[in-house]
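Just so we're clear, the structure is a prediction, and the values are computed from it rather than from any experiment.
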Amino acid sequence: MTRLMALKRILLLVVTAWVLSGCAAQTLTVPTPQGVSTQDWAAPAVEGHGDFSRLMKRPLTIGDYSTNQLDYSLWATAPTRSRTTLGDPDQGLSGGTETVRNDSAYRFVLNQGGAPLARIQCRQVLDISGVFIAHAEDATERFEVSANDHYVSELVCESTAIAPHWQPWRLHVAARDGRPYFGVLRLAERSYSVIGTQASQSFELGETTGFYLRFGEQPRALVQRINGGALRLHPGLGLPEQRALVAAAMALLLANDPVAAE
């Protein structure tokens, strides 16, 4: 929201890069759940994940699944911003409140082996409010600090069938105060917990590193956002469950990160 926040973000990236340079020989991965071995889990190749691929609207592929007709709206394209100010913002001390709301959407057709299975449509909303204090010598020289007192992000995705055997699902996750998304994926009578994390095998990062998807207490999928993206799937999944988890993983990989947006 302010220059101070931007400087904090840059400092975080610099520190992260410095730490990564010291661990160049070690590949960062999302930790597997405690007490769970994923050695026999399926690990389909993930290609096309990342900001550059997303901005270029290149397809995201996971194994033989791919996004087709990807229509993506950038998180920060046109945020709605409002501010109330007490004092002269161009002279002396001033302060007040500020709110920012960003509302964007993305959608794609999920293909398997080139055949369309379903349409996936997502909407993501970010609401920030806070206070600021500024001091200006004149209109060209101004210093400002701010603090957020409300930070909520929400992502809702739904699937509709193209192929007759597709089972529709709904993903609803939310995040507060710059934490990773947390919520639920509903597939027919089943509900999966979706748990975001900032952890890696080495340390915690200032971004969402991945997601755990659980059915009850049983992990069913592990989605990794860092290092180009990755997905691991429980070997006991039925085909409808596997397809739903792959599509949900794609939606989560394409979503903006509420942690990095802070």
Side-chain angles (χ1 to χ4, degrees), residues 9 13 16-17 20 27-30 41-79 102-126 153-163 166 168-171 173 175 180-181 185 194 196-198 200 205-211 213 221-233 242-261:
R9 177 65 180 155
L13 291 173
T16 301
L20 287 174
T27 300
L28 290 177
T29 58
V30 176
W41 287 33
V46 176
E47 296 181 3
H49 171 57
D51 289 339
F52 181 74
S53 294
R54 186 174 57 176
L55 293 174
M56 298 300 292
K57 297 186 177 181
R58 292 180 176 174
L60 171 64
T61 64
I62 297 180
D64 63 343
Y65 296 90
S66 63
T67 62
N68 188 26
Q69 302 175 30
L70 178 60
D71 181 10
Y72 192 83
S73 174
L74 293 178
W75 183 276
T77 300
N102 217 310
D103 193 333
S104 61
Y106 57 98
R107 60 188 61 85
F108 58 91
V109 171
L110 176 68
N111 284 359
Q112 183 181 20
L117 294 178
R119 294 181 179 87
I120 315 297
Q121 183 162 329
C122 300
R123 181 185 179 190
Q124 47 192 353
V125 177
L126 176 67
S153 181
E154 188 175 27
L155 171 68
V156 177
C157 300
E158 294 184 335
S159 76
T160 55
I162 297 177
W166 177 264
W169 54 255
R170 188 174 192 269
L171 171 71
V173 291
Y181 278 130
L185 170 69
V194 181
T197 181
Q198 293 175 250
S200 73
L205 298 179
E207 62 181 293
T208 299
T209 55
F211 298 90
L213 282 76
L222 173 60
V223 182
Q224 179 171 300
R225 286 179 59 94
I226 54 177
N227 282 341
L231 176 65
R232 299 190 71 89
L233 296 168
Q242 181 192 88
R243 286 171 169 168
L245 293 178
V246 168
M250 287 179 163
L252 290 167
L253 288 172
L254 289 168
N256 290 294
D257 183 7
V259 179

Evaluation steps, side chain to side chain contact (heavy atoms under 4.5 Å, CB included), between V246 and L233:
CA-CA 9 Å; V246 168; L233 296 168; 4.0 Å; yes
Exercise: identify the closest heavy-atom pair between S53 and G48
CB-O, 3.0 Å
Quick one: does any side-chain atom of R225 pair with a main-chain N or O of L252 as donor and acceptor, under 3.5 Å?
yes
Side chain of Q224, backbone of V30: donor and acceptor closer than 3.5 Å?
yes
Determine the minimum heavy-atom distance between L231 and P44, stating which atoms define it.
O-CD, 3.6 Å
Heavy-atom side-chain contact between P59 and L70 under 4.5 Å
no
With a 4.5 Å heavy-atom cut-off, do L185 and W169 have their side chains touching?
yes
Donor-acceptor pair, distance only, cut-off 3.5 Å: does the side chain of Q198 make one with the backbone of L205?
yes
What pair of heavy atoms forms the shortest contact from L245 to A221, and how long is it?
CD1-CB, 4.2 Å
Heavy-atom side-chain contact between L126 and S153 under 4.5 Å
yes
Between the main-chain N or O of D257 and the side-chain N or O of E207, is there a donor-acceptor pair closer than 3.5 Å?
no
Of all the heavy-atom pairs spanning V46 and A230, show the shortest one and how long it is.
CG2-CA, 3.7 Å
Is T209 reaching over with its side chain to a backbone N or O of T197, donor-acceptor style, under 3.5 angstrom?
yes
Do any N or O atoms from the side chain of T67 and from the backbone of L60 form a donor-acceptor pair under 3.5 angstrom?
yes
